[in-house]
K.L.:
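Pasting in a structure now, in structure tokens, and then I'll have a few things to ask.
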Amino acid sequence: TGVMSSNPAAKLSVMADHLERYFEEVGDFLPQYHDRTDERGSSGDAEMLNALVESERALRIAARALRKASKLAGGRP
């Protein structure tokens, strides 16, 4: 973390990159639970789908906030 800790904008940008990857990974789960919810109408699957959608949204919002913070700290947009 030597170089990264001396550049807050770069560190924030890397953190946003990680969150965007997690956002994509969570999104990869959605089709399987969406299909299972449609087929069975299981409340457990519906709850799981809702939790994944909520997580995906939170990750997207957090990544955007970190991108904004990085930009304000002098990093890339």
K.L.:
Using 4.0 Å as the upper bound for N to carboxylate O, is an ion pair formed by E20 and R60?
P.N.:
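Between E20 and R60 there is no salt bridge, as every charged N stays at least 4.0 Å from the carboxylate O atoms.
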K.L.:
Counting C-beta onward and ignoring hydrogens, is there a side-chain heavy-atom pair between R67 and D17 closer than 4.5 Å?
P.N.:
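When only atoms from C-beta onward are counted, D17 and R67 do touch, with a gap below 4.5 Å.
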K.L.:
Mind listing the closest non-hydrogen atom pair of S55 and V26 along with its distance?
P.N.:
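Smallest heavy-atom distance, with atoms named: CB-CG1, 4.4 Å.
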K.L.:
Once you round to the nearest 0.5 Å, how far does CG of N7 lie from CG of L12?
P.N.:
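CG of L12 is found 9.0 Å from CG of N7.
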K.L.:
Are any side-chain N or O atoms of S70 and backbone N or O atoms of A9, one a donor and one an acceptor, separated by less than 3.5 Å?
P.N.:
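It does hold such a pair.
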K.L.:
How long is the gap from CE on M48 to CG on L30, to the nearest 0.5 Å?
P.N.:
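Here the interatomic distance stands at 9.5 Å.
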K.L.:
Could you measure the distance from the CZ atom of R64 to the CZ atom of F23? Nearest 0.5 Å is fine.
P.N.:
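If we round to the nearest 0.5 Å, R64:CZ and F23:CZ are 8.0 Å apart.
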K.L.:
Among V53, D45, N50, exactly one meets side-chain contact (heavy atoms from CB on, under 4.5 Å) together with Y33. Which residue is that?
P.N.:
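Only match with Y33 under side-chain contact (heavy atoms from CB on, under 4.5 Å): D45.
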K.L.:
Find the distance between CG (L52) and CD (E25) and round it off to the nearest 0.5 Å.
P.N.:
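The CD atom of E25 is 12.5 Å from CG of L52, to the nearest 0.5 Å.
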K.L.:
From L66 CG over to H18 NE2, what is the distance, rounded to the nearest 0.5 angstrom?
P.N.:
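That separation rounds to 11.0 Å.
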